[in-house]
Structures are given as C-alpha cells and as structure tokens.
Colleague: 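Take this structure first; my questions come after.
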Amino acid sequence: MKVFKRILFLGIVFVASIFITAMVSADEGGYTVTDWNFSGLYKSNNSVEVTETIKVNFTAPRHGIYRSIPTTMYIKRTTDSGEKRTLKYKSKIEHFYAKDASGAAVLYDKDREGTNTVYRLGDEDRTIEGEYTYVITYTYVMPDDRVKKDDLIFYSPLGDQTNMSIDHFSFNIKFEKPLTASEVKGMRVYSGAYGDVDNGLGIETKKDATSISGEISNVPPNNAITIYALVRGDYFEGAWVPNKQIVPLVILIITALLALLIILLSVFSRSKKPVETVEFYPPEGMSSAEVGTIIDESVDDVDLMSLIPWWAQQGYITIKETPDKHGRKGEHARLTLFKVKNLPDDAPEFMKRLFYSIFTRDSRCLDDLPRSFSQDFTSAKNLLKNRFTGNMKLSTGHGKAVGLGLLMCLGIFGFITTSSAVAPFENLVLGVIAAIALFALEIGLLKVALAFKNRKSGKNTISIIAGIILVLVAVGCAFLAREDSFFNLLLLIAPVILVAVAILISYRLIKPTDYKVEMMGKLLGLKNFIKTAEEDKLKMLVAENPEYYYDVLPYAMVFNMSDQWAKQFKNIPTNPPGWYYGYDNMLWNLMFFNMMFRTRIQAPISNIRTEAAMNAVASAASSGFSGGGGGGGGIGSW
C-alpha cells in the first residue's frame, strides 16, 4: 500500500533532481567553498533559527550562489499504536535573509524546484570573481510529528546537494530546552553519502545537554552531516500544525449531512407499484427493442439484436442458414438476411437506422456487415433511448440522483485531498481515484438497480461484483491517505462508506411515470407467463396461432429468457417459421434452433462492434541516516 505513494514521491524527486543536477553540474570549476559555518538554535517548538556563513572563492565569473533547502522529508517512525510507518512531513522556511560581508542584502529571487525551495543570491546584471562571503539567516519550521510517545531531533546542518567539495565545515547547534543525560548519550551524528547510517566522515563532535558542535575539513561533494536523537514525548511543545483541519472538517460535515439526507429521502421515498396483469402477448404495436428499453430503462445491444427475428415475424425479412466457409452447418452456420420489403414510412427512426444500415443491398450475411454498421448501431441505440420522452417518459428524478451523487463524490474528493497538507499531490491523486470510483458506482447503479428493481435477470451478479470492487477502491484510497493525515483511519474511511451507502440506495429517488407503471404491469405479466406457462395453455395458444412461439421469441430475448421460452415447448410440436429456411435437420428442435440462432445473430454483431471499439482506442491513444530529517540541501553558483 505504501508502494503507490513512494512511486509518486520518487517521481517528484526524479524531476526535481533533473533540475537541481543540471543547475549544479554546470557550476563545476566555477567556484570553491572555502569555509561554511552553521550556527543554529533548536527551539522547543521544533523549529531551528539558522545562521550560515559561507565563504566562496569564484574562479570564474558568476552572478553569485544559490541556496537550495528541502522542505519535504520522509521519516520512519513507530506510531503510538506500535505500527512502524514511514511518515511524510512538510516543513516551511520563514524570515529568509541574505547579505554579504558588508551587510548589503544579496537575495535576488526565490523559486521552487521539486521539493526544494531555492534562493538565488547575487545580481543578474553583474558578475563577481574571487573571494566572497554570504551570511544567511532563516528559521526552518518543522511540523508536529503526530507521535505522542516520543519526539525526534532530526536535522542536517549540511545537506548532500552541494556538488563541490568543501574545504572546511563547522556547526554549532544549541538546544533551547536542555536534553536529559540519556538523550545526550543516545544522540548520533551521521555523515557521508545520503542514506549512510554511520559517521562515515569521522567527524569529532562535542555534545552536552544544551548543544552539539563539530567540524571537519575536506568534505567530499554530495556528502551530508545529520544530527539524530530520540527524545521524550513532551520535548517539543506548540509545534506547527501545517494541516488546517477546519477545511477538511467542513467538507466532511457537509458531505456527511448530504449523504444522510439522501439516505433519509431514499428510505422514505414511495413510488407507484405496477399492477401485474395476465398477458399472453406483448403490447400491441410495440417492438421487442422498445420493450427491452422499458423493462430496465436501458438500451442494451440485445434489444436491437432482437429486431432481426421481430422483423422476420412481421414479414420484412427472411433468413437463410448457409454452411460456413468450411462447409459446416448447424451451430457453425452463417445467417444471411434477405429484405422482403422496406419498413413503413412511419416506422421509428431507430428502427430505420438499423434496418437500412444492414440492407445497403437486398441481402446481407451477418458475417459480412459493413464497417459503418457499428456507428449506425450506436446511433440507433441513442435514437431508441431518445424515443422515450414527453408522454412516453419512463421516470423522473435521474437528474436529482446523479446531481446529489456527484456532490457527494466531490465532497469525498475534497475531504481526502485536503486531509493532509503534507501530502497534497499524493492525496489529490487518491481523492480523484476515490471520487471517480464512487461516481462510477453511482452511474452504474442507476442502471443496474433499475434492472434489479424491475426483475430483469442476467445482469446482477457481475454488477454486484463490479460495485464491490468500486467501493473497495474508494475505501482503499482513504486507507492509503491515512499515512500522512492528521485524521485517524476510522474518520477517513467512515465518510467513504457513508457515501457508498447513500449511493447504493439513491436509485429510490427515481420515480416511474404513470406511463411506465402501466406498461410495466403488462410486461411483467408477459415475463411471468414466459417463466411459468402451463403446457396445456401453451398448446391451446399454439392451436390458435401456430406462429405463437415466434411472436413471443424476440420479447423473450430482451427478457434474457429465450432459453427458458424454448424449454417450455419441449413437449409441444412446433413447425419451423415460414421466414427461416436452408436447414437440413429432419426433426425441428427449438432448443437447438434457439441456441444457434441467438449465437449466430449476436456473435458477428458483437465482433464488429468490438473491433470498432478497439480501433477507436488505438487511435486515441526511518531511522536516522545521513542527509535525512529537516534542513540540508546544498549550494551552487549561477
């Protein structure tokens, strides 16, 4: 779980190192550091008042030096709960002032380079050579460490970012609050390359309850000196708290109240219930595609595919079964559609779009659909969806449910993003991912919940799994955000779960219109009959209408019940439809016909749409160590 955040951090460090290395590497040979004296007062509020006297000998014309100081640090700590974690801390620099030996101010500008603050000292309009002295003062403010059982002195008077050797370096750090004897004894000095865990430079130091000092000559390039001491838990008092908790708390409260409001509105929401009627036939004058859209307020691919047997049953087309290119029949057969007549002028636009996309000529093998078919198929779906407006509107409240869901998702995004000021970029990414996951849950659920509510089978298992994954993604983001947050894990995860619950029942805010309630009563009656029809009743209906099975078949397809419909006729002799020919089976088998027919319709249409989608995508296309803790950084020339 920490790997994700480390990758983000390493990416920032990598980009920053490019700038800093490029800046520093251009300086080699242009200057030498003859002496660097660091004097600091380590205050009881975890800040250090710093005075640095740096003597530089410019061997080539330069404008001056820059001082680069890191303000981000990662430290391994054992938390109050006993968990070992790498915590991120973000410090700040106050009252930075630089002057030369004469006392004249020499600060030219300040900039950010990755996680470093960079101060350029000198004059852009003139260059200098020879010996030059800079006196720099500033206060380095470190934050509250979020661990109560102990505090940590962890500071680098010399960082590892000076790319030149230093002839002489000395430091003297005084402690505003005296250390105990055991704390003095446990104090360590680490020196050497970044990450070294010993005194590689061999610095001799003097330390007591109120100070630590040391000096060394001939410091190699990119070497650091770091002071480390684990001290009593109340050593630092009044340390800076960088996270202004009022902002995330306000966002949290608003989001939680909104989620509770949605839950209450959803729980007490009441909708008209359809009265299921006894139906043997689909609604007169309504195609199977329209029925499939009404049942779950979603235009699915199968809704439009069901029009092929519907057209055939209405007399617009015939279908011929032909062997595939290897001469195989049956389940391997190819289906060729033949246009018998055009659709009437008053046919719905969605139906015309699909029909004439297939029939650019009088016959069409489904395995040889034109490339434009996928686009026309999508267009037909949109036209079908837009058909249900005005008096045919199916439901109200979609805008309310989606809008409130979006506000909650934005609230989660804002809360996670602002929950820690020390990790703004990482938390921004986590906040975006959590919000997107929850909003995807919202959008997907409105479709799936309606299908479940209207008892349209075949979607629920996959949808439930997808919903669980999305919730886990959002909760995982909140869990990852805990590492650098001042909020405890429960307070981070609770609002995500609350919002997820609100989203999961927000579909109740959607109310069916009177039109849908009326239609659903008939459709649910037909669907129930397909499922529970008695054999004697079916025999009677077939005796009255030999084409009865085929009249209902397209509607069974959009109910995802075509197999079940075929099983109902296993003991009822049924002749092949007059619009289907080319088979050579001696005995007509509805179960086999249904399986083959459905597969040979769906497979080529799905294949060409998948191919089009792929083409579209392709075209888019710690413990102590040297160089750690606060302070540090380095210098260079410009």
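Excluded from the calculations below are hydrogen atoms, water molecules and symmetry mates; all remaining heavy atoms, backbone and side chain alike, are included. For the single chain, residues carry numbers from 1 onward in sequence order.
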Colleague: Looking at every non-hydrogen atom in both residues, tell me the closest pair between F350 and L384 and how far apart they are.
Modeller: CB-N, 3.5 Å
Colleague: Is there a donor-acceptor contact under 3.5 Å from the side chain of S306 to the main chain of V558?
Modeller: no
Colleague: Can you tell me how the ring of W579 sits relative to the ring of Y550, calling it parallel under 30°, perpendicular over 60° and tilted otherwise?
Modeller: perpendicular
Colleague: Can you tell me if K320 has over 12 outside heavy atoms packed within less than 6.0 Å of its NZ?
Modeller: no
Colleague: Quick one: does T513's side chain have a donor or acceptor within less than 3.5 Å of a partner on K393's backbone?
Modeller: yes
Colleague: Spell out, as yes or no, whether a donor-acceptor pair under 3.5 Å connects the side chain of Q568 to the backbone of I530.
Modeller: yes
Colleague: Shortest non-hydrogen contact from M286 to I294?
Modeller: SD-CD1, 3.6 Å
Colleague: Tell me if the CD atom of E544 is crowded by more than 12 foreign heavy atoms within 6.0 Å.
Modeller: yes
Colleague: Taking the side chain as everything from C-beta on, heavy atoms only, tell me whether L553 gets closer than 4.5 Å to S562.
Modeller: yes
Colleague: Would you say the side-chain atoms of K511 pair up with the backbone N or O of R270, donor to acceptor, closer than 3.5 Å?
Modeller: yes
Colleague: Looking at I505, is its backbone amide N or carbonyl O close enough to the side chain of S266 to form a donor-acceptor pair, meaning the two atoms are under 3.5 Å apart?
Modeller: yes
Colleague: Spell out, as yes or no, whether a donor-acceptor pair under 3.5 Å connects the side chain of Q564 to the backbone of M561.
Modeller: no
Colleague: Which residue pairs pass the salt bridge (Lys or Arg N to Asp or Glu O under 4.0 Å) test when at least one of the two sits in residues 342-356, sequence neighbours left out?
Modeller: E349-K352
Colleague: Ignoring hydrogens and geometry beyond distance, is a side-chain donor-acceptor pair present between Y316 and W310 at under 3.5 Å?
Modeller: no
Colleague: Only one of V471, I465, L472 passes side chain to side chain contact (heavy atoms under 4.5 Å, CB included) with I469; say which it is.
Modeller: I465
Colleague: Can you name the closest pair of heavy atoms from L354 and F373 and give their distance?
Modeller: CD1-CE1, 3.7 Å
Colleague: Test your reading of the model: is there a side-chain donor-acceptor pair from Y356 to the backbone of L343, 3.5 Å cut-off?
Modeller: yes
Colleague: Looking at D303 and K381, is there a salt bridge between them, counting it only when a charged N and a carboxylate O are closer than 4.0 Å?
Modeller: no
Colleague: Measure the shortest side-chain to side-chain distance between I605 and D301 over non-hydrogen atoms and say whether it is less than 4.5 angstrom.
Modeller: no
Colleague: Write down the atom of S363, the atom of T336, and the distance for their closest heavy-atom approach.
Modeller: CB-CG2, 4.4 Å
Colleague: If we ignore hydrogens and angles and just use 3.5 Å, is the side chain of D296 paired with the main-chain N or O of S298 as donor and acceptor?
Modeller: yes
Colleague: Over 60° means perpendicular and under 30° means parallel, so classify the ring planes of W565 and Y549, tilted if in between.
Modeller: parallel
